Amino acid sequence: MLDSLTLYPIADDVLFAPGGKVVVRTYGVAPAHGSISYRTWVTGIRDQPRYWHWGHFEDAASGHRRVLEWLTGRGPQPVPA
């Protein structure tokens, strides 16, 4: 299945916390025949994996920033657009 998907990177960030490293990745995901969906994945936190789905590129880009703000304590947990 994964080999039939194309990933379009939008943003990647790594945060270092006392418990270890947290990785935040946002991608556009496109099946071989279909439209692009947008997702943000967070790994390295206790409730892992966490992910959000976004409707459009702009939502994914701003959603990635909101996830970073949430993880660094500067904002609420984001809700997918």
Side-chain angles (χ1 to χ4, degrees):
M1 173 76 178
L2 190 57
D3 60 346
S4 65
L5 296 175
T6 303
L7 299 176
Y8 300 98
I10 295 173
D12 287 322
D13 284 287
V14 177
L15 304 172
F16 294 96
K21 145 174 111 165
V22 176
V23 179
V24 182
R25 290 191 170 112
T26 300
Y27 288 93
V29 180
H33 303 286
S35 61
I36 297 176
S37 62
Y38 299 92
R39 295 184 183 137
T40 298
W41 286 275
V42 177
T43 57
I45 56 177
R46 292 191 191 276
D47 300 356
Q48 67 177 307
R50 284 193 180 262
Y51 60 94
W52 289 262
H53 294 276
W54 313 104
H56 303 283
F57 174 85
E58 293 82 7
D59 297 333
S62 67
H64 183 91
R65 286 189 300 273
R66 286 183 285 149
V67 168
L68 288 174
E69 289 173 359
W70 168 63
L71 289 170
T72 57
R74 294 179 291 168
Q77 183 173 356
V79 177

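Each residue takes its place number in the sequence, starting with 1. Quick caveat, the model's predicted, so the values are computed rather than measured.
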Rounded to the nearest 0.5 Å, the CD atom of Glu58 sits from the CD1 atom of Ile10 at a distance of 9.5 Å
Across all chains, not counting sequence neighbours, the side-chain hydrogen bond (donor to acceptor under 3.5 Å, both in side chains) partners of Thr72 are Arg74
Asp13 meets the salt bridge (Lys or Arg N to Asp or Glu O under 4.0 Å) criterion, sequence neighbours left out, with none
Salt bridge (charged side-chain N to carboxylate O under 4.0 Å, His left out) pairs touching residues 15-24, sequence neighbours excluded, are none
Salt bridge (Lys or Arg N to Asp or Glu O under 4.0 Å) filter on Arg39, not counting sequence neighbours, yields none
Rounded to the nearest 0.5 Å, the OG atom of Ser37 sits from the OH atom of Tyr27 at a distance of 14.0 Å
Check: Relative to each other, are the rings of Tyr51 and His53 parallel, tilted or perpendicular (30° and 60° limits)?
Finding: perpendicular
Shortest non-hydrogen pair, Trp70 vs Pro78, comes out as CB-CD, 3.8 Å
The side-chain contact (heavy atoms from CB on, under 4.5 Å) partners of Ala17 (sequence neighbours excluded) come to none
Smallest heavy-atom separation, Pro31 atom then Ser35 atom, equals CD-O, 3.5 Å
CZ (Arg66) and CG (Asp59) are apart, to the nearest 0.5 Å, by 7.5 Å
For Tyr38 and Ala60 the tightest heavy-atom approach is CB-CB, 3.6 Å
In terms of heavy-atom contacts, Gly44 and Val22 come closest through O-CG2, 3.8 Å
Does a side-chain heavy-atom distance below 4.5 Å link Val23 with Asp12?
-> no
Is there a side-chain contact between Gln77 and Trp52 in this structure, where contact means two heavy atoms from C-beta onward sitting under 4.5 Å apart?
yes
